[in-house]
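The structure appears right after this line, and notes come after that.
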Number of protein chains: 2
Amino acid sequence: MRLSRETGVPMFQQLYEFLKAEIVSGHISSNERLPSKRKLAAHLGCSRNTVEAAYNQLVDEGYLIAKPKSGYYAAELDGVFSIGRAHQAERWDIEAEPAYAIDFSYQGVDLDHFPFSTWRKLTKEVIDENDEDLLRTGNPQGYPKLRASIARYLHRSRGVNCLPEQIVISSGTEFLLQLLIQLLDSETVYAIENPGYERLPAIFRSNRVECRPVSLDEDGVRLDELKRSMANVLCITPSHQFPTGIIMPVSRRLQLLSWAGEGPGRYIIEDDYDSEFRYSGKPIPSLQGLDRNGRVIYVGAFSKSLSPALRVSYMVLPTELLEGYKEKLGFCICPVPTIQQKALQRFMDEGHFERHLNRMRIIYRQKREAIVTAIRELLPGAKIDGTDAGLHLVMRVGNGMSETELLQRAKAHGVKVYGMSHYCSGPVAEESEAALILGFATLRIDEIHDAVRLLKTAWAS
Amino acid sequence: MRLSRETGVPMFQQLYEFLKAEIVSGHISSNERLPSKRKLAAHLGCSRNTVEAAYNQLVDEGYLIAKPKSGYYAAELDGVFSIGRAHQAERWDIEAEPAYAIDFSYQGVDLDHFPFSTWRKLTKEVIDENDEDLLRTGNPQGYPKLRASIARYLHRSRGVNCLPEQIVISSGTEFLLQLLIQLLDSETVYAIENPGYERLPAIFRSNRVECRPVSLDEDGVRLDELKRSMANVLCITPSHQFPTGIIMPVSRRLQLLSWAGEGPGRYIIEDDYDSEFRYSGKPIPSLQGLDRNGRVIYVGAFSKSLSPALRVSYMVLPTELLEGYKEKLGFCICPVPTIQQKALQRFMDEGHFERHLNRMRIIYRQKREAIVTAIRELLPGAKIDGTDAGLHLVMRVGNGMSETELLQRAKAHGVKVYGMSHYCSGPVAEESEAALILGFATLRIDEIHDAVRLLKTAWAS
């Protein structure tokens with residue numbers, strides 16, 4: 001064994017690694033006495049402190065036993081962990097790269113304007129300031145101060161009336177829905193929008209509760225059909241219906257609220273998934289803000305307003321449901337790490353969130369204008385809907401091609417667009433015009449025009 | 001308006017804040033033209049760059065509109081977010097401080113030996129290196145490299161045989177169980193250990209599936225009772241039964257595996273919740289490692305080995321269940337932020353996890369010895385069980401007091417201990433001797449003796 005001053009690895013570390021390997025391999029056998037610190041230091045030509053540091057680390061980790069006035073002995077290795085390091089060659093599944101040059105994804109956010117440096121700074125501050133948050137599970141409903149910040153934000157920007165106590169923070173809308181399914185009566189029948197968020201039927205199915213699709217008219221979910229469905233809980237996206245982009249007018253909102261008030265156990269789950277970005281028309285308060293009977297469960301997330309990778313969503317429970325939640329589901333620990341909840345709370349409380357939203361509003365508005373302008377110019381026969389809010393629009397190309405053909409031709413030109421039929425429950429009427437969903441959040445402004453031109457080329461017959 | 005060089009706030013920031021307030025308050029009305037940069041700079045005695053920086057930020061956030069060759073105009077504020085900052089006075093619920101001076105909690109970990117600086121360093125590295133992970137949702141089953149690291153760790157330390165593809169990373173054992181309940185047949189009847197983890201009945205109940213308690217003998221869950229229960233999925237903690245601390249011998253493990261092989265749809269959910277710390281006796285491989293028929297679903301977590309606040313748990317699905325998982329539950333996005341998964345993967349791959357486990361093994365062994373020694377000395381009539389592994393033990397005080405009395409007297413002396421009856425399903429036999437669960441992970445070594453002395457005082461009749 002030789003210690004080297006030139007490797008960049010501290011000498012005690014070299015000695016530690018060497019002795020550990022000797023003990024693990026059995027070259028130093030268990031219960032064998034090691035040389036004294038003085039002798040080994042003399043032999044290696046290093047200081048006694050170096051040997052002492054290496055011996056101490058080996059004692060700490062269970063490879064050596066220090067016997068007072070006698071010396072250091074190699075330990076029995078029974079139970080010592082030896083995991084080894086990763087080998088490059090080890091196998092893991094690699095995510096398939098998308099085969100598309102352009103993706104009009106309606107998920108995801110703008111990749112160029114996230115306030116990385118602020119977020120990093122806040123995360124580091126939180127980690128540096130409070131060690132113990134790395135070790136304790138926090139409040140099961142989520143960090144109380146973050147809940148207060150969310151309550152304030154929802155009140156100011158969405159007209160939501162709630163106390164922080166009513167908020168439950170979780171990870172993803174799926175998880176919140178699963179909690180709600182467990183909280184509400186097992187006989188509950190859920191109504192969902194048709195077309196609608198494609199994961200909802202899967203969530204209800206895998207949770208083994210009944211869900212019934214209700215179709216839409218130009219104001220959103222149809223009241224007559226809702227009543228006929230005999231559902232008692234309605235899931236809707238009134239601010240910007242997914243995927244049609246319909247903004248539900250106040251009249252329909254009031255009708256739905258009065259439907260909810262008519263029977264016991266009736267609730268409306270209001271998914272306000274991309275309410276942050278509204279470009280024209282009067283602001284309409286959330287259903288929750290209009291509700292006087294505690295019948296609305298408001299669900300939101302930071303997926304559009306910040307990033308889907310944060311995995312932070314929340315719901316506002318009516319006070320009537322709060323006690324039951326604590327009793328039945330109090331065992332569910334908030335899945336968002338406290339460190340991240342604290343960073344987010346500071347991000348909100350120090351005004352960064354407000355600034356970020358205002359900046360993104362401008363950017364997304366420009367992207368929306370770029371895509372609308374490009375479509376009007378390059379695909380003059382197309383009809384566009386749902387552009388008053390949110391991060392996607394609906395386009396009816398109107399060139400007589402079927403949805404399948406539109407998608408396939410776009411794919412052949414390296415462009416991914418999304419067909420409306422994927423979001424429909426039940427058969428889609430043959431004669432209905434093909435409709436596509438085009439998201440614009442992840443595209444750069446300067447590539448939007450060319451992306452639409454690619455579609456024009458793809459669809460030229 | 002005066003700009004000050006002495007406040008520490010950059011001048012452009014002062015100007016930005018001032019103009020924003022003027023616009024929001026209406027003192028500068030919408031569509032009003034602002035002074036040119038040159039004029040305002042001259043008026044304020046600052047550079048044009050200062051004014052330009054403030055104007056640009058206001059344009060970015062939508063308070064001003066820049067019209068080419070014309071100047072800057074206050075914008076219509078319709079839609080601009082104004083959330084404001086937190087007020088100290090705002091209300092949030094404060095977690096009640098525990099009224100106990102000493103808590104023999106069986107949850108939580110040692111608070112003094114977490115490798116904070118390493119964890120912090122790795123987190124910062126990951127955040128600094130790869131911005132995009134803050135913006136994209138990762139693999140729905142969890143970061144592939146972390147799954148590879150977990151597979152390697154489980155193989156080396158627990159004899160678990162699996163490929164990274166079989167691993168699903170989630171947040172907390174509750175979430176994993178909920179996924180499994182959705183994955184397995186809805187008619188599945190679950191058997192749980194009695195006594196056992198107290199949240200299990202609540203989880204099964206709120207997910208509306210049947211669960212039946214099965215009592216234990218000295219080797220763990222009773223086979224005859226399991227068979228009579230007609231359950232087809234068994235949840236057990238064979239490495240260190242919670243709460244009794246029984247380490248299930250190989251013979252019983254093999255009996256259970258052959259039970260699982262006897263019927264279709266039979267599975268064993270092996271919760272290896274605190275397998276990391278074993279102090280004596282031969283290591284027994286996990287049930288999963290003994291299984292030849294793909295009947296074991298292995299569940300683990302970093303809650304004991306690192307920290308419960310990380311909220312990282314995982315399960316290993318038999319390959320037979322993997323396809324069904326992807327099909328039915330592929331929509332469930334891994335709730336652990338990618339940043340944190342990457343930090344954990346590095347922590348494991350760079351050898352820090354191995355070192356941490358070896359260090360903690362020594363420390364927990366010392367704590368275990370301290371508590372056993374103190375009990376033998378101060379409560380000589382007490383019987384102790386379950387000390388061969390894990391972070392808690394079971395104590396039968398044997399002084400004739402009921403569990404309720406033991407708990408109340410301890411509480412009156414500021415000490416929290418846990419009564420076995422809380423973990424039992426169904427009535428506890430009157431004549432059974434009161435048993436308590438004492439965790440020792442969160443106590444400091446030097447306070448353990450005094451803590452046990454407090455119990456002696458509390459229980460002195």
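Because the structure is predicted, anything quoted here is derived from the model rather than measured.
- Of the two parts of A/Tyr16, only the side chain, counted from C-beta on, holds a non-hydrogen atom closer than 4.5 Å to a non-hydrogen atom of chain B.
- Rounded to the nearest 0.5 Å, atoms CG (A/Asn207) and CD1 (B/Ile181) are 9.5 Å apart.
- Among A/Glu276, A/Lys328, A/His356, the residue making the largest number of heavy-atom pairs under 4.5 Å with chain B is A/Glu276.
- If you take CD on A/Glu354 and CD on B/Glu61, they are separated by 7.5 Å, rounding to the nearest 0.5 Å.
- Considering only heavy-atom pairs separated by less than 4.5 Å from chain A, the leading option among B/Leu111, B/Thr442, B/Leu306 is B/Leu111.
- When A/Leu179, A/Ile333, A/Leu329 are compared by the number of non-hydrogen pairs under 4.5 Å with chain B, A/Ile333 comes out ahead.
- Within the 4.5 Å cutoff, side-chain heavy atoms of B/Arg355 are placed close to those of A/Gln57.
- Note that the OG1 atom of B/Thr338 and the CZ atom of A/Arg311 stand 9.0 Å from one another [nearest 0.5 Å].
- Taking the charged nitrogens against the carboxylate oxygens, B/Arg361 and A/Asp60 have no contact shorter than 4.0 Å, which rules out a salt bridge.
- The shortest distance between side-chain heavy atoms of B/Leu310 and A/Pro337 does not fall below 4.5 Å.
- Proximity to chain A (any heavy atom under 4.5 Å) is shown, for B/Ser303, by neither the backbone nor the side chain.
- For the residue pair B/Glu174 and A/Phe331, the shortest heavy atom distance occurs at OE2-O, 3.0 Å.
- In this structure, A/Thr137 OG1 and B/Gln107 CD are separated by 7.0 Å, a value rounded to the nearest 0.5 Å.
- For a residue to count as touching a neighbouring chain, one of its non-hydrogen atoms must lie under 4.5 Å from one of that chain's; by this rule A/Ile203 touches chain B with backbone and side chain alike.
- Of all heavy-atom pairs spanning B/Asn358 and A/Tyr63, the tightest one is ND2-OH, 3.3 Å.
- When all heavy atoms of A/Arg120 and B/Ile127 are compared, the pair lying nearest together is CG-CG2, 2.6 Å.
- For A/Val312, no part sits under 4.5 Å from any heavy atom of chain B, backbone or side chain.
- For chain B, the nearby part of A/Gln178 is the side chain; its heavy atoms alone come within less than 4.5 Å.
- Chain B forms more heavy-atom pairs under 4.5 Å with one residue of A/Pro335, A/Gly62, A/Ser170 than with any other, namely A/Pro335.
- Looking at A/Ile362, only its side chain comes within 4.5 Å of chain B, counting heavy atoms on both sides.
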Exercise. side-chain contact (heavy atoms from CB on, under 4.5 Å) between B/Lys124 and A/Asp128: does it pass, once the steps are laid out?
Worked result: CA-CA 11 Å; B/Lys124 291 176 184 178; A/Asp128 282 341; 3.3 Å; yes
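- The part of A/Thr123 that comes within reach of chain B is its side chain, from C-beta onward, which places non-hydrogen atoms under 4.5 angstrom from that chain.
- Your options are A/Tyr279, A/Trp119, A/Phe175, A/Phe114, and the one with the most heavy-atom pairs under 4.5 Å with chain B is A/Phe175.
- Of the two parts of B/Ile363, neither the backbone nor the side chain holds a non-hydrogen atom closer than 4.5 Å to a non-hydrogen atom of chain A.
- When heavy atoms are compared at a cutoff of 4.5 Å, A/Leu58 does not approach chain B at all.
- At least one donor-acceptor pair under 3.5 Å links the side chain of A/Arg208 to the backbone N or O of B/Gln182.
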